[in-house]
Amino acid sequence: MATKNYQTVKVEKEDGIAWMILNRPEKRNAMNPQLHYDALDALNEIATDKESHVLVLTGAGNSWCAGQDLKEYFRALENNPAERRKAGWASQEWRWRLLFTYPKPTIAMVNGFCFGGAFTPLIACDFAIAAEDALFGLSEINWGIFPGGLVSRVLADALSYRDAMYYIMTGDPFDGKKAAEMRLINYAVPKEKLREETVKLAQKLMEKNPATLRAAKEVYKLCRNMDYVQAEDYMMAKGNALRAADPEKGREEGIKQFIDDKTYRPGLGPYKRKKA
Ligand code: ACO
């Protein structure tokens, strides 16, 4: 089911999954200012949509995202500092700040080209699955810049030092299989299985308590940059907040189904969620 119309992004909702599709296939889904504004609006729409439980970010045609639009994002805004600032803010906002701690699980489904600035949303997503023949590249070096925005910073979280330095400095493209081998993505699958495997992962996530999933990802992602004292205190407070705010009362229900009802094994799968 398609929803609100955006110029450069398409949103389709089906069986609890919101598919956000970057939609400039004729430009390989390069990110122009309009795409940044649309992506920001669409992500905010999906964040509060009660029917959408998992977000999948993908691209139309044979590309996931060819990075920033060299013509419309870089060259056209060189003498337009006001628009440059607005587009730059929207670009960072949706690709990193919003996606990194998005209130729902996020999966990057990389169907084709993934270059430069596309690495930011790729790494911000909780999961990434790619077609084996998808083509990745830190191509910045090839046209006279370094991986900026936040790309070099987020690469430090997602790749080893040697792999990051190699690809930042050579700009060599690599395929989905290599991306999986380097753990930049979770796994690579043949292109014809990409959607099916993505749906399978989304369904697995939808069996879990959504409030707990949200807290779990926030805690892991935010604790990475805290010291031990801060992390311990933050996790204690977050755990209490989750217990108080979780509409499903997951912790109590999980213990009850294991200890009293003996209906499941927490070590082997999730407790049975009541249908809303
Ligand atoms: N910015 C602007 N336009 C782009 C971009 C981009 N990043 N990527 C593709 N396009 C446009 C092309 O200019 C072309 O437009 P036109 O038909 O009006 O001439 C159209 O998309 C198709 O591109 P082709 O190059 O013809 O497509 P092909 O399938 O042969 O190659 C590829 C695809 C490999 C992605 C190639 O287009 C490419 O190298 N693009 C640039 C990738 C890149 O370096 N991105 C920037 C990273 S740096 C950053 O994001 C900060």
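For ligands, and for the atoms within them, numbers begin at 1 and follow the listed sequence.
Contact residues of ligand 1 (protein heavy atom closer than 4.0 angstrom to a ligand atom; sorted by chain and number): E26, K27, R28, A30, A66, G67, Q68, D69, L70, F74, F113, F115, G116, G117, S139, E140, W143.
I107 and A202 get closest at one heavy-atom pair: CD1-N, 4.0 Å.
The side-chain tip of K86 points at the ring of Y37 from less than 6.0 angstrom away and within 45° of straight on. Under the 6.0 Å distance and 45° angle rule, R195 counts as a cation-pi partner of W19.
The salt bridge (charged side-chain N to carboxylate O under 4.0 Å, His left out) check on K27 picks up nothing, with sequence neighbours excluded. In this structure, K177 has no salt bridge (charged side-chain N to carboxylate O under 4.0 Å, His left out) partners at least two apart in sequence or on a different chain.
Pairs passing the ring-ring contact (aromatic ring centres under 6.0 Å, His included) check and including a residue from residues 149-189, sequence neighbours excluded, read F136-F174, Y167-F174.
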